[in-house]
Amino acid sequence: RLIDNRLHLVSSAEPSYDWYDVYQLANEKIPGVPAFEDPFDDDFDDDDWSDAQWEAYWDAQEKWNAQKDEHIQQYLPAIRAWLEKKYPNIDNLNWPKYFDGKQARQAIACSDLYIPATASQKEGFLLVSEFTGDNYENYKATAIADDGWTVYASQKNLYISSFSYNWWWYCWDGDCDNYTHIHHFNLGDKSGDVKYVNSAEIDGIANDPFFYSEYQDHLRVFSGDDRWWNNSPDGHKLSVLDINTPNIMNLTGSVEGFGKDESIYSARMIGDKGYVVTFR
């Protein structure tokens, strides 16, 4: 989102450690323990390990935990500038030489990383960054512990959504529900900072930016329980959320049950009116 000369960028990152290194530390350096043997794998028989091997394994885990705590900064994402308009290719995968390592800087500080009150993933970082001018020294960012991929922005706020764990595999036994988590960031003004504000959880999946609309300090969201073999059997929902409540946005109103056994094909909200197209 570009507002005046302020560019707002949404990105995601995983902590920059390598699980291969964890396995190496936890297993390969223990005499008599095969590399990459996971004692929590379903095929592993814990009787295969002696008491001494188990003691060595847990000792390695404690050492790993102590090591990662000592180097917490290295797990946060970094920002770098290109040295030249040249990119790695299949013949040269040496990424670092294309970056100015001296000017690499931490993308966020620990104090700017938040754990939202409600979230879907919590497997990495979701960053909202602000760039001004043509120098990346004019850079501000905040982040939360979640993932997200549907983005809607007004001139003052930005909303990023992620779905429940069922968004891909769904519930084959029909014993769980789908829901959407929405994270609200304030974009500040021309002199302000990007800030994480609050989050919300609504029923169903809202996977299109046009399903969202900000109006008079409220966020309105269309959602449904569509699945590839079954359109929303209970219909769809329009949720109205108060964006100013702390931690979790309050649900102040809703319309439910429209478009049963159909899917939302398109939606648009203009002023105080909403339009939605559903199709069986």
Side-chain angles (χ1 to χ4, degrees), residues 1-17 68-69 71-82 99 103-164 179-202 206-207 209 211-214 217-221 241-250:
R1 178 76 176 196
L2 181 64
I3 302 175
D4 298 324
N5 69 331
R6 296 176 295 133
L7 174 65
H8 301 95
L9 176 69
V10 176
S11 58
S12 60
E14 294 182 357
S16 58
Y17 57 80
K68 68 182 177 64
D69 289 340
H71 305 285
I72 188 66
Q73 299 296 332
Q74 76 184 47
Y75 304 113
L76 297 175
I79 179 172
R80 299 176 175 86
W82 288 106
F99 291 106
Q103 293 188 27
R105 55 171 291 184
Q106 192 174 289
I108 57 169
C110 285
S111 58
D112 294 322
L113 175 62
Y114 297 87
I115 299 176
T118 182
S120 295
Q121 310 294 330
K122 293 187 178 179
E123 295 175 345
F125 307 117
L126 183 62
L127 289 86
V128 177
S129 308
E130 179 182 285
F131 298 83
T132 55
D134 57 1
N135 187 332
Y136 81 97
E137 289 299 322
N138 298 322
Y139 167 85
K140 302 172 184 177
T142 190
I144 62 172
D146 197 6
D147 199 358
W149 43 87
T150 299
V151 179
Y152 162 73
S154 67
Q155 285 194 318
K156 294 183 179 181
N157 297 287
L158 187 143
Y159 304 88
I160 308 169
S161 298
S162 60
F163 313 136
S164 64
Y179 46 86
T180 297
H181 287 122
I182 306 167
H183 304 298
H184 170 207
F185 296 82
N186 185 275
L187 299 180
D189 53 29
K190 294 182 179 180
S191 60
D193 294 339
V194 174
K195 295 179 181 179
Y196 166 67
V197 182
N198 50 21
S199 297
E201 179 180 305
I202 63 171
N207 57 359
F211 291 6
Y212 299 75
S213 173
E214 182 184 294
D217 290 332
H218 286 77
L219 180 68
R220 305 170 295 185
V221 188
L241 304 164
D242 183 350
I243 66 174
N244 292 321
T245 50
N247 299 322
I248 297 180
M249 290 180 262
N250 285 339

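Here, residue 1 is the first one in the sequence, and each next residue gets the next number.
In this structure, the side chains of N186 and N157 come closer than 4.5 Å at one or more pairs of heavy atoms. Looking only at side-chain heavy atoms (C-beta outward), I144 and I160 stay at 4.5 Å or farther from each other. Residues I182 and Y212 have side chains in contact (heavy-atom distance under 4.5 Å, counting atoms from C-beta outward). Counting only heavy atoms from C-beta outward, the side chains of R6 and R1 never approach each other to under 4.5 Å. Contact annotation: the side chain of Y159 approaches that of E214 to within less than 4.5 Å [non-hydrogen atoms, C-beta and beyond]. Looking at heavy atoms from C-beta onward, S161 lies out of side-chain contact with Y152 at the 4.5 angstrom threshold. Side-chain contact between I202 and L241 is present, with heavy atoms from C-beta onward closer than 4.5 Å. Residues L187 and K156 have side chains not in contact (no heavy-atom distance under 4.5 Å, counting atoms from C-beta outward).
In terms of modelled atom types and a separation under 3.5 Å, the side chain of S199 and the main chain of P116 share no donor-acceptor contact.
Interatomic distance, CG of D217 versus CG of L219, reported as 11.5 Å (0.5 Å rounding). Note that CG of N244 and CG of N198 are 8.0 Å apart. Values are rounded to the nearest 0.5 Å. We find the CG-CG distance between L9 and L2 to be 12.0 Å, quoted to the nearest 0.5 Å. A distance of 5.0 Å separates CG in L113 from CD1 in I108, rounded to the nearest 0.5 Å. Distance check: S162 OG to H181 NE2 gives 6.5 Å after rounding to the nearest 0.5 Å. Atom CG in L126 sits 5.0 Å away from atom CZ in F185 (nearest 0.5 Å).
Listed here is the closest heavy atom pair of H183 and D146: NE2-OD2, 2.6 Å. Taking every heavy atom of both residues into account, A143 and L127 meet most closely at CB-CG, 3.9 Å. When all heavy atoms are compared, the tightest approach of I248 to A200 is CG2-CA, 4.5 Å.
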